[in-house]
Amino acid sequence: MRVGAFLLSAQFPGQGHGEALERTLSAATAAERAGLDAVWLAEHHFVPYGVCPDAATLAAMLLGRTRRIGVGTAVSVLSTRHPVALGEQAALLHLTSGGRFTLGVGRGGPWIDLAVFGSGLEAYEQGFPERLDLLLRWLRGARVGAAGPQFAFPEVAVVPRAAEPGRRADLAGWLGLEGAVIPRQRQDEAAPARSGPPVVVACTSPGGVRTAAERGLPMLLGMHSGDEDKREMLAAYRAAWRAAGRGEEQLARVEREHVAAGVAQVDDRAGAARASLLRAMPDFFAHGLGAHRTVDGRERSMRDPRAYTELLCDLHAVGTPRQCADRLLATAERTGIRRFALLAEGSGDTAATLHNLDRLGAEVLPQLS
């Protein structure tokens with residue numbers, strides 16, 4: 001099992017933007033010290049729910065500050081980004097980090113962001129598949145052009161190229177014999193091809209599940225989903241995968257890469273862990289999610305903040321170290337998912353977040369092997 005931290009860069013009531021971002025930076029380095037597999041960075045605009053507007057930019061900083069841990073976006077919103085620009089960023093991070101970067105993408109919501117950045121409501125409602133396909137072609141190809149309704153441009157070279165063919169070692173140069181005639185190396189002595197960054201797709205609807213499956217990409221499932229919801233989405237994914245004519249061996253490989261978002265709060269007593277979240281998260285949800293504005297003035301419903309916090313406590317790893325481990329193991333057994341991104345900053349306090357990550361690494365992870 002691979003357990004990572006999901007970092008919202010959440011601005012809790014009474015906190016400043018800098019404080020929220022500093023907590024994210026501290027939490028990422030703490031997650032590496034704790035032995036977690038990855039940190040996953042959220043991206044939002046114009047709302048205190050998350051004050052990081054560009055997850056890939058923040059990922060670059062964290063990749064520079066860490067040495068081992070993976071860093072992923074959860075997610076970079078394709079509805080407001082040019083796929084080529086995001087592809088260039090992803091390739092740069094992939095090549096300069098030694099392959100530690102994962103690009104998570106999603107279509108976002110019908111928010112005012114679509115008007116501010118000029119992509120419009122259609123980019124959200126209809127445009128995600130075209131945007132995703134252009135991004136994937138950029139990450140996997142050497143030259144890319146476009147002739148779609150959203151993007152049309154002549155073919156250009158992909159630089160830097162995330163997925164490069166293997167390059168034979170220059171034997172003469174390696175031996176210090178520049179200019180010498182060296183017999184041509186056999187093809188099987190070439191270096192293996194370098195693949196591009198892994199890509200995962202946030203899936204919250206049947207259409208999103210189908211889009212991911214048809215392209216052979218793993219899913220990122222939201223923290224509102226219980227185990228039964230996850231099982232239904234996995235079943236829909238397999239059905240769409242097979243309908244697209246994809247093979248079973250590849251399906252087994254890709255299913256190992258699905259990621260489930262959740263919450264983790266570790267304490268000596270289950271009631272204390274739950275109380276930590278119930279003190280902070282309802283006000284945070286009301287403060288953060290309540291700030292969203294739709295692009296077209298449509299009505300939107302919002303979960304009751306306290307009831308939603310209670311639900312998250314019921315669904316996820318909230319309690320003693322043993323209870324947290326049992327919760328993760330139960331989800332893995334029921335769904336087959338072995339990869340988690342757990343929100344660890346639910347207390348809203350930096351010191352408590354770092355302590356929570358330390359306990360997650362020291363007391364929960366050893367029980368998952």
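Side-chain atoms are counted along with the backbone in the values below, which use heavy atoms only and exclude waters and symmetry mates. We're numbering straight along the sequence, starting at 1.
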So, taking the atom named CZ in R140 and the one named CG in L136, what distance separates them when rounded to the nearest 0.5 Å? 4.5 Å
For a quick test of reading the model, state the closest non-hydrogen atom pair linking P366 to G361 and the distance between them. CD-O, 3.4 Å
Does Q150 reach the main-chain N or O of E122 with its side chain, forming a donor-acceptor pair under 3.5 Å? no
Using modelled atom types only, decide if a donor and an acceptor are shared between the side chain of R303 and the backbone of P305 within a distance under 3.5 Å. no
Report yes or no: does D229 contribute a side-chain atom to a donor-acceptor pair with the main-chain N or O of G226 at less than 3.5 Å? yes
If you draw a 6.0 Å radius around CZ in R293, do more than 12 non-hydrogen atoms from other residues or ligands fall strictly inside? no
Calculate, to the nearest 0.5 Å, the distance between atoms CG and OG belonging to L7 and S26 respectively. 10.5 Å
Hydrophobic cluster mates of L114, side-chain heavy atoms under 4.5 angstrom, ILVMFWY only, any path? L121, Y124, V295
Do you reckon L41 sits in the same ILVMFWY cluster as L357, going by side-chain contacts under 4.5 Å, direct or chained? yes
Rounded to the nearest 0.5 Å, the CG atom of L36 sits from the CG atom of D358 at a distance of 10.0 Å
The salt bridge (charged side-chain N to carboxylate O under 4.0 Å, His left out) partners of R279 (sequence neighbours excluded) come to none
Apart from L92 itself, its cluster of hydrophobic side chains linked below 4.5 Å comprises none
Please confirm whether the backbone N or O of A20 pairs with a side-chain atom of Q11, one donor and one acceptor, at under 3.5 Å? no
Does the side chain of V47 come within less than 4.5 Å of W111's, by heavy atoms? no
What residues form a side-chain hydrogen bond (donor to acceptor under 3.5 Å, both in side chains) with R238, not counting sequence neighbours? E255
Tell me the side-chain hydrogen bond (donor to acceptor under 3.5 Å, both in side chains) pairs involving residues 208-219, sequence neighbours left out? D133-R215
Determine whether the side chains of T24 and S9 contain a donor N or O and an acceptor N or O closer than 3.5 Å. yes
Contacts of L277 that satisfy side-chain contact (heavy atoms from CB on, under 4.5 Å) - sequence neighbours left out: V263, Q265, M281, T309, C313, V318
Give a yes or no answer on whether the side chain of R231 reaches the backbone of R334 with a donor-acceptor pair at less than 3.5 Å. yes
With a 4.5 Å limit on heavy-atom distance, are the side chains of F117 and R81 in contact? no
Salt bridge or not for R253 and E249, using N-O below 4.0 Å? yes
Using the salt bridge (charged side-chain N to carboxylate O under 4.0 Å, His left out) criterion, which residues pair with R242? Sequence neighbours excluded. E248
Answer yes or no: is there a donor N or O on one side and an acceptor on the other, between the side chain of H94 and the main chain of S195, under 3.5 Å? yes
With rounding to the nearest 0.5 angstrom, report the CG to NE2 distance, D113 to H44. 9.5 Å
Can you name the residues that form a side-chain contact (heavy atoms from CB on, under 4.5 Å) with P321, not counting sequence neighbours? V266, R359, E363, V364, Q367
Restricting to non-hydrogen atoms, name the atom on P197 and the atom on L139 that form the minimum distance, rounded to 0.1 Å. CG-CD2, 4.1 Å
If every non-hydrogen atom of M233 is compared with every non-hydrogen atom of S205, which pair is closest and at what distance? CE-N, 4.3 Å
Given the rule that I, L, V, M, F, W and Y join up when any side-chain heavy atoms are under 4.5 Å apart, are V77 and L135 in one cluster? no
Would you tell me whether D227 and T335 have side-chain atoms, one donor and one acceptor, within less than 3.5 Å of each other? no
Distance-minimising heavy-atom pair for G208 and C203: O-SG, 3.5 Å
Counting N and O atoms only, with roles assigned by atom type, does the side chain of R131 sit under 3.5 Å from a partner on the main chain of L78, one being a donor and the other an acceptor? yes
Please check if atom CD in E155 has more than 12 non-hydrogen atoms from other residues, nucleotides or ligands closer than 6.0 Å. yes
Does the side chain of P198 reach to within under 4.5 Å of the side chain of E257, using non-hydrogen atoms? no
Under 3.5 Å donor-acceptor, R137 side chain and G145 backbone: yes
Tell me whether R269 at atom CZ has more than 12 heavy atoms from other residues, nucleotides or ligands lying less than 6.0 Å away. no
Can you tell me how far the SG atom of C324 sits from the CZ atom of R322, to the nearest 0.5 Å? 10.0 Å
Looking only at non-hydrogen atoms, find the nearest pair between G216 and V254 and report the distance. O-CG2, 3.8 Å
Considering only heavy atoms from C-beta outward, does the side chain of L342 approach that of H316 to under 4.5 Å? no
Any donor-acceptor N/O pair, R67 side chain to G64 backbone, under 3.5 Å: yes
Determine the interplanar angle of the H258 and Y237 rings, folded into 0 to 90°, and report it as parallel if under 30°, tilted if 30 to 60°, perpendicular if over 60°. perpendicular
Look only at the side chain of E43 and the backbone of T73, and say whether a donor-acceptor pair between them is shorter than 3.5 Å. no
If a pair satisfies ring pair (Phe, Tyr, Trp, His ring centres under 6.0 Å) and one of its residues is in residues 3-23, list it, with sequence neighbours excluded. F12-F284
Correct closest heavy-atom pair for P282 and L278 would be CD-O, 3.3 Å
Find the distance between CG (L328) and CD1 (I337) and round it off to the nearest 0.5 Å. 11.5 Å
Hey, quick one: are V144 and L86 part of the same hydrophobic cluster, counting side-chain heavy atoms closer than 4.5 Å, chains of contacts allowed? no
Within one Ile-Leu-Val-Met-Phe-Trp-Tyr cluster: L221 and W241, side-chain cutoff 4.5 Å: yes
Applying side-chain contact (heavy atoms from CB on, under 4.5 Å), run through R339 and L220 and close with a yes or a no. CA-CA 10 Å; R339 200 174 176 199; L220 171 64; over 6 Å; no
Residues pairing under ring pair (Phe, Tyr, Trp, His ring centres under 6.0 Å) where one sits in residues 57-83, two or more places apart or in two chains, turn out to be H82-F151
Which salt bridge (charged side-chain N to carboxylate O under 4.0 Å, His left out) pairs, counting each pair once, include a residue from residues 93-109, with sequence neighbours left out? none
Could you tell me if the side chain of M219 sits less than 4.5 Å from the side chain of V209, heavy atoms only? yes
Consider only side-chain heavy atoms of I, L, V, M, F, W and Y, link residues closer than 4.5 Å, and tell whether W40 and L368 are in one cluster. no
Contacts of R256 meeting salt bridge (charged side-chain N to carboxylate O under 4.0 Å, His left out) (sequence neighbours excluded), chain-then-number -> none
For M223, does the CE atom have more than 12 heavy-atom neighbours from other residues, nucleotides or ligands under 6.0 Å away? yes
When you compare the side chain of R65 with that of L25, does any pair of heavy atoms fall below 4.5 Å? yes
Do the non-hydrogen side-chain atoms of L312 and L343 ever get within less than 4.5 Å of each other? no
